[in-house]
Amino acid sequence: MFVPSWPRVTSQRGNSDAEPAQAALGGRAPFTGPQRGFVTLLGGFPLVNQLQWSWLKPSPSDVCAKNRSPQVGTSSAPHKATPDTTAPGRAVPFMAKPPSLTGENGFHFPQAIVFPSPSPSGEDSAAFDTPGGTPLSNGTGCCGTPSPAESCAQPLCEARDSTRFGEGIKYVSTDGNELACGWGGFTPGCLQLFNTSKGVLFFLCVASFLQGMTVNGFINTVITSIERRFDLRSYQSGLIASSYDIAACLCLTFVSYFGGNGHKPRWLGWGVMVMGLGSLLFALPHFTTGLYKVHSSADVGVCAANQSQSCAPATSSLSSYRFVFMLGQFLHGMGATPLYTLGVTYLDENVKTNYSPVYIAVFYTAAILGPAAGYLVGGMFLNIYTEIHRETDISPENTLWVGAWWIGFLGAGAASLLISIPILGYPQRLPGSQRYIVMRVSEAHQLKDGSHKKASDPDFGKTVKDLPRSVLLLLKNPTFIFLCLAGATEATLIAGMSTFGPKFLESQFSLSASEAATLFGYLVVPAGGGGTFLGGFLVNKFKLRCSGIIKLCLLCTLTSLMAIFVFFIRCPNVPMAGVTHTYTGSALPGGHVNLTAPCNAACGCLRETYSPVCGSNSLTYYSPCHAGCKNVSEKLRNGKKVYKECSCIEKNTFAGEAEAGKCTSSCEKRTLLLFFMFIVILFTFLSSIPALTATLRCVSDRQRSFALGIQWIVVRTLGSIPGPIAFGSMIDKSCLLWQDRCGEQGSCYVYENSAMSLYTLITGLVYKVLGTTFFMVACVLYKPPPAESAQGSSDTSENGNSDLQETKPSLPAAEDI
């Protein structure tokens, strides 16, 4: 509990005016009384609420007795309330001046309060000055210069109007205009309406929404179109995607260390601006390359058609644009680095401790909704031909179609540049935030050697020399280390499922890529967004401390661990001729792929042309050619092409028909599988904000930004970067049919559903067990501060006042700041 020292009372006329008044009370500051409210200056910033002073009214005999005694109000017991019991039944409470305190944040509490000279005609001017300007002293009345008898008959300087008295107080602050919102000297009054924690939250949510929409939405949506347009291989597009994480890992240490001790809004604003420049750079290749031209015939892929196809050259001049895309992603990573480190700590420092998880949860929810918007908007743009001013004879369903992938990056880049301007105008700390910093009770993990106290030094972390010490302090914090490892395991699951979740649904339910992505989006948006917000809400609702937060994370991880056994549920593969079944319909042993049959031997079909069709016998074929289809109907059925005279499809001894696309699945366990997948995603995201809050609580205040930076490095290095690789390698083991690209193995076309579910279950179980273990160890090893340092925190009222509650009997009502 922080107990501020009593401020020194001065007057605008000089110290001599105040010293006699102070002497009248035995050298003590007259800041006690039966009414609620007191004044304290913390770090030069005034904190006032319900300021009502009333000087106690002793009896005339008491006052006269005091005037005759030279030792009135003195006390030999420091730091204790000393009541004056001159008259029976009367107690005049006084409070000795406590020693000067310096909190963990390095703020010195004793400051000066200046009382301006009241107007001579003012009714309350007599409270401190006589009409002739004589200072108040013993034996001097409150109004004029009365006789000793009159002075003994009047109360000792009672404030008649507490409101007018409060208006006459001037608080000395060293901040000046540093707390104003603006750019340099331009700080108009209209901008101060947004100079609040809610204003900061709004702009940071917009920034995180744009980042999620661009990096996790647009990039994943248009990567296939970029590969097709610029002749890129899969590993090259993988390098483009990973450039974001590489840049973030390189910048995290520098940004979180120096930005954490600097002007956070400026770091945030410049970061968002760099992110916007990266989006504009990513769209640049569209304007610097030639027109995209392609023509397609409807007869391609049909039996007896010209099936000759030349393999594309290994390299193309357009493939060199991959370096431009990598640079754009690198700028995305650099710009987003301050957003999830400094942005989180800036919110945490400028709101009450109990509300911090809610603010952070809203911030991260916006970041999760961004990718959902990116998928929707990006998908709309991909239905527009990339050369928007030209017409083409191909449709979006054609494998040669390239959509307008670049429009989204132009819009996101312009929006990021605009949103960076108001963020740059925010002050280093918001008005009123000082009270939250001082009221916060430290929950940092206590090291046995006491080295955690080094971070309490106000000068710690301002130079590069302190960087190794900062890293060492974090490495010696076992709670922080195991929370980072638990976050890495959860990030692995999130990254792996977000990458391969649509592919899992596509294989299990025999959906198209767009249908699977839409269905997965319906799962992730409510489960991920709702879980993120609900996690912060629960921490605030139950006012959990650090140990309770870690237990909540452990409970969520255990729940998702139980639900992950849902992957025992599997849907049967849709029968496919030459892959899972023979052309006659009988089951085919796994691993014996044979796409050639007597019915299509004369067609000369190519493996490079994969265009599945569903026959009228409910059997899926590799392509119309492999089904032996010779003609294409001019009329569409349900918006799909219809192929006729298919020799491999027998129907009543006549050649059957085939419809473009794979046959639909009749999985009876679809609803159950989707429900438990929803539970897994919900509880995985539910622990994200509590885990982040626990990380902020278990380290020293001055190391919060740097701790988040180190945590993000661990999460990206051990989680989000290798996560898709681990999931992808396990899922690839279940592949039945690989793409053949001129003799080279490409991507997987068909997976064995039972093997895919099994490998997904094994991977998920391994990481969930590791995450549960790490949270459990973090909970066991966490050592909170001594109980007396957190006294009163559990009784925090709605206004958050109990962190500074005064428990001394002389001030029973002084509890509101």
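As a basis for the values below, the full set of heavy atoms in this structure was taken, side chains included, without hydrogen atoms, waters or symmetry mates. Please read all numbers here as calculations on a predicted model, not as lab measurements.
The two atoms that bring Ala658 and Ile649 nearest to each other are CB-CD1, 3.8 Å, heavy atoms only. Counting all heavy atoms, side chain and backbone alike, Gly378 lies closest to Thr221 at C-CG2, 3.8 Å.
Under the 4.5 Å side-chain criterion, counting only non-hydrogen atoms from C-beta, Val574 is not in contact with Lys662. With contacts defined as side-chain heavy-atom distances shorter than 4.5 Å, the pair Leu674/Leu519 qualifies. In this structure, the side chains of Met677 and Met497 come closer than 4.5 Å at one or more pairs of heavy atoms. Cys646 has its side chain out of reach of Pro624: every pair of non-hydrogen atoms, C-beta onward, lies at least 4.5 Å apart.
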Set out, in order, the CA-CA distance, both residues' side-chain angles and the distance that settles salt bridge (charged side-chain N to carboxylate O under 4.0 Å, His left out) for Glu752 and Arg570, then state yes or no. CA-CA 10 Å; Glu752 186 181 359; Arg570 63 201 64 175; over 6 Å; no
Report the C-alpha distance between Glu659 and Val613 in whole Å, list the side-chain angles of each, state the deciding distance to 0.1 Å, and finish with yes or no for side chain to side chain contact (heavy atoms under 4.5 Å, CB included). CA-CA 5 Å; Glu659 191 175 291; Val613 294; over 6 Å; no
Determine whether Val680 and Phe685 satisfy the following criterion, side chain to side chain contact (heavy atoms under 4.5 Å, CB included), listing intermediate values before the conclusion. CA-CA 9 Å; Val680 172; Phe685 279 91; over 6 Å; no
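Between Tyr244 and Gln211, the side chains place a donor N or O and an acceptor N or O closer than 3.5 Å (distance only, hydrogens not considered). Checked by atom type, the side-chain pair His332/Ser279 shows a donor-acceptor distance below 3.5 Å. For the residue pair Ser237/Glu227, the side-chain donor-acceptor check at 3.5 Å is satisfied. Side-chain contact annotation: Ser757 with Gln508, donor-acceptor N/O pair under 3.5 Å present. Using modelled atom types, one finds no donor on one side chain facing an acceptor on the other under 3.5 Å when comparing Lys768 with Thr557. In this structure, a donor-acceptor pair under 3.5 Å is absent between the side chains of Asn573 and Thr580.
Under a 3.5 Å cut-off, the side chain of Tyr622 and the backbone N or O of Tyr610 do not form any donor-acceptor pair.
Residues passing the side chain to side chain donor-acceptor pair (under 3.5 Å) test with Thr532: none are found, sequence neighbours excluded. A search for side chain to side chain donor-acceptor pair (under 3.5 Å) contacts involving Arg716 returns Asp245, not counting sequence neighbours.
Ile689 contributes atom CD1, which lies 5.5 Å from atom CG of Leu692 (distance to the nearest 0.5 angstrom). Remark: Thr772 OG1 to Leu765 CG distance equals 10.0 Å, nearest 0.5 Å. Put simply, CG on Leu673 and CD on Glu668 are 13.5 Å apart, with the number rounded to the nearest 0.5 Å.
In this structure, Phe282 has its ring center no closer than 6.0 Å to that of Phe218. When ring centroids are compared, Phe520 and Phe504 stay outside the 6.0 Å threshold. A distance below 6.0 Å separates the ring centres of Phe363 and Tyr340.
Remark: of the listed residues Trp405, Trp401, Phe381, Trp405 is the sole one forming a side-chain contact (heavy atoms from CB on, under 4.5 Å) with Thr386.
Using cut-offs of 30° and 60° on the angle between ring planes, the pair Phe537 and Phe533 is parallel.
Cation-pi contact between Arg322 and Phe230: absent, since separation from the ring centre below 6.0 Å together with deviation from the ring axis within 45° is not met.
Cys625-Cys603 SG separation is not under 2.5 Å; the pair is not scored as a disulfide.
The number of heavy atoms from other shown groups lying within 6.0 Å of NZ (Lys644) does not exceed 12.
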